[in-house]
Amino acid sequence: MATRAVAPTPSDVRGRPRRRRPRRVARWAFLYAGMIVALIVVVAPFAWLLISSVALPVDLLAKPLQWIPEHITFDRFVQLTVGSEPNDQAQGFRSAFMNSMVIASSVTALSLVVGTVAAYAFARLRFPGRSWLILAFMGTYMLPPIALILPLYQIMGALGLRDTPLALILIYSSFVTPFVIWIMRGYISTIPSELDDAARVDGCSRLGALVRVIVPLSAPGLLSTALLAFLMSWDEFLYALILTSTNASKTLPVALNDFIGRYGLDFGLLATGGVIAALPPVVIAFLFQRHIVAGLTAGSVKG
Amino acid sequence: VASQAALARPPRVRSKRPWPETWVAAAFVAPAALVVLLIVIVPLGRALWMSLFHIVLTRPGVEPFVGLGNYIEQLTNPDFWDATGRALFFTVVSTVLELSLGLGLALLMDQPLRFRWLLRSIIILPWALPTIVNALMWRWIDNAEYGSLNALLTQTGIIPEYQPWLSNSDTAMWMIIIADVWKLTPLCAILLLAGLQGVNHEVVEVAQVDGAGPLSLFRHIVLPLIMPVVLVVLVLRTMEAFKVFDIIWIMTHGGPANSTQTIAIYAYQTAYQGFDFGRGAALGYLIALVIMVLAAIYLRLLGRTGR
């Protein structure tokens with residue numbers, strides 16, 4: 001801590017002159033203590049989830065609790081993922097994982113295409129009703145699912161789409177698309193319009209300018225948006241709870257909800273299911289942190 | 001520049017442009033509008049219609065028109081107000097905690113501390129954890145017989161014996177709030193940190209030279225500068241918290257004794273456990289009304305902070 005005061009790292013952008021005074025030392029001690037507490041609070045629940053997923057029931061159910069299990073097992077991971085002869089719960093879990101993958105990927109692809117094209121119009125073209133239309137899109141994005149779920153349940157039933165991945169793909173796209181429009185409109189606005197004007201002088205259509213100039217230039221924005229779209233779809237629960245009933249369309253959140261109902265006392269299995277379900281979003285967030293943070297900030301704080 | 005060129009050009013010269021801008025715009029917006037129209041606007045209209053009838057699934061075919069009856073019934077029903085009160089309690093407590101802890105974390109991560117990269121890189125993980133997994137995890141931590149919270153608190157001597165945190169109506173809501181705060185404080189911290197990084201360093205340094213201590217520096221310089229971001233995050237969290245469903249459904253199903261039954265849980269139970277779709281639709285509309293008021297405030301604030 002004391003060396004910290006004399007040797008600022010390059011990341012220290014606010015390199016103000018510092019003197020070693022007791023108050024300073026107390027202040028740094030306080031800040032580092034805060035950081036350690038924050039680290040522990042963030043990590044501890046994760047650690048316990050991970051430990052629970054590999055601990056034997058003997059250790060999990062011991063009193064006083066055995067914090068570090070004596071034996072660890074990866075049997076539950078094998079059973080839920082690659083084990084041959086899957087039982088009912090493994091079968092349900094695997095199909096839910098696949099359904100979540102298919103649905104989240106389809107929603108991301110569909111909303112990104114449809115949303116980016118619309119975002120281009122909102123960022124570049126002048127047309128009547130432009131400003132209220134984008135507000136209408138944002139309004140639909142913020143509508144609570146509970147207000148739409150009853151009619152959607154009936155409509156999907158009438159269309160024969162209840163318990164199909166397609167129903168969830170369409171519904172998720174309806175709230176992911178406005179989000180894509182919102183972020184991408186902001187992003188496209190930061191690209192100088194001379195660039196697509198130049199492309200159009202060279203004979204490109206509007207669509208050509210969008211595909212050849214704007215899309216390559218907004219690749220980072222598109223990546224942020226795609227990742228957030230995927231995470232939003234992966235996380236959704238209420239629509240899936242009501243519109244799915246079999247392995248044909250149940251997603252991971254619904255499968256985990258079923259786990260609680262059926263194997264509520266098998267805490268190790270619940271933890272394992274949770275870890276596997278959390279793996280894709282957590283890995284994405286960790287690897288693409290900068291993009292996620294940029295997307296979150298652009299999506300919710302900047303207009 | 002493009003708009004200046006458009007103004008300078010005589011309006012007749014259009015031969016180079018096959019489609020007027022409005023048409024292009026319509027074609028570009030149409031696919032998105034179609035998705036949203038089919039999935040949101042149509043059901044929204046249908047929900048309004050449903051909310052005007054007495055539709056109980058256990059009695060098919062008998063669906064009398066009741067006008068605003070469902071709304072009046074709900075607005076005079078103490079259960080509705082209890083659930084609204086619980087949603088408000090959850091919203092206020094969790095939002096205040098998330099915002100204040102998030103601001104603290106953001107200030108911490110903005111300090112030139114060694115290893116702050118570590119905190120900055122793992123802080124996103126609770127946010128990335130799916131809501132259902134988070135709820136499941138805390139349900140297990142809070143378990144009455146084998147939970148690690150009980151183990152921790154008894155082994156350190158803070159409480160004498162294991163407590164049924166989630167099946168005690170005095171503590172259940174607090175446990176849900178803790179789980180929610182753990183997951184969403186990082187989001188607030190990330191957004192507020194972005195706000196802090198936008199603060200002009202020179203302003204801060206001038207104030208320091210003038211002798212401002214850390215507290216008055218925060219109170220009089222930094223806080224006013226990031227106030228727009230704080231307000232946006234506040235309204236955003238309020239909006240999300242008021243319609244809370246997932247985390248409560250997994251952790252307590254609204255129990256025990258309805259002590260965690262917020263308005264969205266109440267609406268769900270009315271529709272899918274009471275099979276009363278008319279009242280369920282009316283409740284959905286009432287919730288949507290509150291959310292839309294908040295959304296209007298949010299968008300107005302965004303319009304002000306937007307660059």
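Every chain is numbered from 1 and lettered A, B, ... according to where its sequence line falls, protein lines coming before strand lines.
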Problem - Derivation and outcome, side chain to side chain contact (heavy atoms under 4.5 Å, CB included), residues B/Tyr268 and A/Ile149 - result: CA-CA 9 Å; B/Tyr268 176 87; A/Ile149 186 67; over 6 Å; no

Practice task
Rounded to the nearest 0.5 Å, what's the gap from OH on A/Tyr32 to CG on B/Leu113? Could you check?
Solution key: 4.5 Å

Problem - For the student: nearest non-hydrogen atoms of B/Ile39 and A/Leu152, plus distance - result: O-CD2, 3.8 Å

Handout entry: Residue A/Phe122 versus chain B: region with a heavy atom under 4.5 Å
Key = side chain

Practice task
Hey, could you give me the CE/CE distance between A/Met142 and B/Met239, rounded to the nearest 0.5 Å?
Solution key: 4.0 Å

Handout entry: Top contributor to chain A interface from B/Leu193, B/Ile141, B/Ile132 [non-hydrogen pairs under 4.5 Å]
Key = B/Ile132

Exercise for the section: Tell me, out of A/Val275, A/Val43, A/Leu49, who's got the most heavy-atom pairs with chain B below 4.5 Å. Expected result: A/Leu49

Practice task
Can you measure from CG (B/Asn150) to CG (A/Leu65) and round to the nearest 0.5 angstrom?
Solution key: 10.0 Å

Problem - Any donor-acceptor N/O pair, A/Asp235 side chain to B/Pro130 backbone, under 3.5 Å - result: no

Handout entry: Region of A/Leu228 in contact with chain B, defined by heavy-atom distances below 4.5 Å
Key = side chain

Practice task
Please name the pair of heavy atoms, one in B/Pro43 and one in A/Ile155, separated by the smallest distance, quoted to 0.1 Å.
Solution key: CG-CD1, 4.1 Å

Exercise for the section: Begin with the C-alpha distance, continue with both residues' side-chain angles, and end with the deciding distance and a verdict on side chain to side chain contact (heavy atoms under 4.5 Å, CB included) for A/Leu60 and B/Tyr146. Expected result: CA-CA 7 Å; A/Leu60 285 182; B/Tyr146 310 107; over 6 Å; no

Practice task
Output yes when a side-chain donor or acceptor of B/Trp182 lies under 3.5 Å from a complementary backbone atom of A/Pro45, and no otherwise.
Solution key: no

Problem - Atom group of A/Leu231 that falls short of 4.5 Å from chain B, counting heavy atoms - result: side chain

Practice task
Grab the two heavy atoms, one from A/Pro151 and one from B/Arg46, that are nearest each other, plus how far apart they are.
Solution key: CB-CG, 3.6 Å

Completion exercise
Distance col, row A/Ile260:CD1 vs B/Leu136:CG, nearest 0.5 angstrom, shows 4.5 Å

Problem - B/Trp127 vs A/Leu296, side chain to side chain contact (heavy atoms under 4.5 Å, CB included): CA-CA, chis, key distance, verdict - result: CA-CA 11 Å; B/Trp127 170 82; A/Leu296 279 175; 3.8 Å; yes

Handout entry: Heavy-atom contact with chain B under 4.5 Å, split by part of A/Thr177
Key = side chain

Problem - Residue among B/Ala288, B/Gly195, B/Ser121, B/Ala281 with most heavy-atom pairs under 4.5 Å to chain A - result: B/Ser121

Problem - From B/Trp249 atom CH2 to A/Asn257 atom CG, the distance as rounded to the nearest 0.5 Å - result: 8.0 Å

Problem - Rounded distance (nearest 0.5 Å) linking atom CD of A/Gln289 with atom CG of B/Leu125 - result: 7.5 Å

Practice task
Quick one: do A/Leu207 and B/Phe28 satisfy side chain to side chain contact (heavy atoms under 4.5 Å, CB included)? Show the steps, please.
Solution key: CA-CA 9 Å; A/Leu207 197 60; B/Phe28 277 22; 3.9 Å; yes

Exercise for the section: Could you tell me which portion of A/Pro280 (side chain, backbone, both or neither) has an atom closer than 4.5 angstrom to a non-hydrogen atom of chain B? Expected result: neither

Handout entry: Heavy-atom pair with the smallest gap, counting every atom of B/Val29 and A/Phe127
Key = CG2-CZ, 4.2 Å

Problem - Closest heavy-atom pair and its distance - A/Leu39, B/Ile122 - result: CD2-CD1, 3.4 Å

Practice task
Say whether A/Trp67 and B/Gln155, considering side chains only, have a donor N or O and an acceptor N or O under 3.5 Å apart.
Solution key: yes

Fill in the blank from the handout: Of the listed B/Tyr162, B/Tyr285, B/Phe242, the one with the largest count of heavy-atom pairs under 4.5 Å with chain A is B/Tyr162

Problem - For A/Phe46 against B/Met137, the heavy-atom pair lying closest together - result: N-SD, 4.3 Å

Practice task
Kindly say whether A/Leu125 contributes a backbone atom to a donor-acceptor pair with the side chain of B/Glu21 at under 3.5 angstrom?
Solution key: no

